[in-house]
Asker: 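What follows is a single structure, and I will ask about it in a moment.
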Amino acid sequence: MEKLVEYIVKSLVIDSDNVQVSITEDENEKVIHVMVNPDDMGRIIGKGGKIASSIRTIVKSLSAKEDKKVFVKFGE
């Protein structure tokens, strides 16, 4: 799942070398942290947050089989 988020984000930004995706896990949840160049942040959030919402929807649908909740956080 981490590789999929990384692939999507790298295809959206201009500076794909500065994309960093990491995962932190608890017993009940998994958080995918996405860090990009500040100039590219608007590209992954999108107008009205539509692109970020779409990325979260894809991750949520893929994580339905897991027992953990999966969250995607951008720029934190």
Side-chain angles (χ1 to χ4, degrees):
M1 197 169 326
E2 177 183 4
K3 295 290 184 187
L4 176 65
V5 172
E6 184 176 358
Y7 175 76
I8 293 170
V9 171
K10 281 188 174 184
S11 66
L12 292 172
V13 298
I14 293 174
D15 188 10
S16 61
D17 293 334
N18 285 334
V19 173
Q20 297 175 355
V21 178
S22 61
I23 293 180
T24 57
E25 266 185 82
D26 284 342
E27 53 191 59
N28 296 330
E29 67 182 25
K30 182 186 293 188
V31 180
I32 300 173
H33 299 278
V34 180
M35 298 290 297
V36 297
N37 188 333
D39 295 335
D40 287 330
M41 187 59 72
R43 292 180 182 277
I44 62 167
I45 293 187
K47 190 171 189 175
K50 289 184 179 180
I51 295 174
S53 178
S54 297
I55 293 171
R56 288 182 176 119
T57 301
I58 292 169
V59 169
K60 185 177 180 181
S61 66
L62 290 174
S63 67
K65 295 181 180 180
E66 295 183 20
D67 293 334
K68 298 181 180 184
K69 288 194 171 236
V70 179
F71 301 99
V72 181
K73 293 189 177 184
F74 299 99
E76 296 178 12

Asker: How far does CD of Glu6 sit from CE of Met1, to the nearest 0.5 angstrom?
Answerer: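 Those atoms lie 14.5 Å apart.
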Asker: Apart from Phe71 itself, which Ile, Leu, Val, Met, Phe, Trp or Tyr residues share its cluster (side-chain heavy atoms under 4.5 Å, direct or through members)?
Answerer: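 Its cluster mates, by chain and number, are Val31.
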Asker: Could you state the interatomic distance from CG (Leu12) to CD1 (Ile55), rounded to the nearest 0.5 Å?
Answerer: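 Leu12 atom CG to Ile55 atom CD1 measures 6.0 Å (nearest 0.5 Å).
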Asker: Within the structure provided, determine whether Val36 and Ile44 are in side-chain contact (heavy-atom separation under 4.5 Å).
Answerer: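 Side chain of Val36 against side chain of Ile44, heavy atoms only: contact under 4.5 Å found.
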Asker: If the condition is side-chain contact (heavy atoms from CB on, under 4.5 Å), which residues does Ser22 pass it with, not counting sequence neighbours?
Answerer: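 For Ser22, the residues satisfying side-chain contact (heavy atoms from CB on, under 4.5 Å) (neighbours in sequence not counted) are His33.
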Asker: For Asn18, which residues count as a side-chain contact (heavy atoms from CB on, under 4.5 Å) partner, sequence neighbours excluded?
Answerer: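 Here the qualifying residues are Asp15, Asn37.
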Asker: Can you list every pair that meets salt bridge (charged side-chain N to carboxylate O under 4.0 Å, His left out) and has a residue in residues 41-50, with sequence neighbours left out?
Answerer: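 Of all non-adjacent pairs touching residues 41-50, those that pass salt bridge (charged side-chain N to carboxylate O under 4.0 Å, His left out) are Asp40-Arg43.
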Asker: Lys68 and Glu27: which non-hydrogen atoms are nearest, and at how many Å?
Answerer: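 Looking at all heavy atoms of both residues, the closest pair is CE-O, 3.8 Å.
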Asker: Decide side-chain contact (heavy atoms from CB on, under 4.5 Å) for Asp39 and Ile14; before the verdict, give the C-alpha distance in whole Å, the side-chain angles of both, and the deciding distance to 0.1 Å.
Answerer: CA-CA 9 Å; Asp39 295 335; Ile14 293 174; over 6 Å; no
Asker: Once side-chain contact (heavy atoms from CB on, under 4.5 Å) is applied, do any residues pair with Leu4, and if so which ones, sequence neighbours excluded?
Answerer: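 Expected list: Ile8, Ile58, Leu62.
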Asker: Applying side chain to side chain donor-acceptor pair (under 3.5 Å) as the test, list every pair that has at least one member in residues 55-64; sequence neighbours left out.
Answerer: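 Found none.
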Asker: Checking Val21 against Val9 for the side-chain contact (heavy atoms from CB on, under 4.5 Å) test, could you report, in this order, the C-alpha distance in whole Å, the side-chain angles of both residues, the deciding distance, and whether it holds?
Answerer: CA-CA 9 Å; Val21 178; Val9 171; 5.5 Å; no
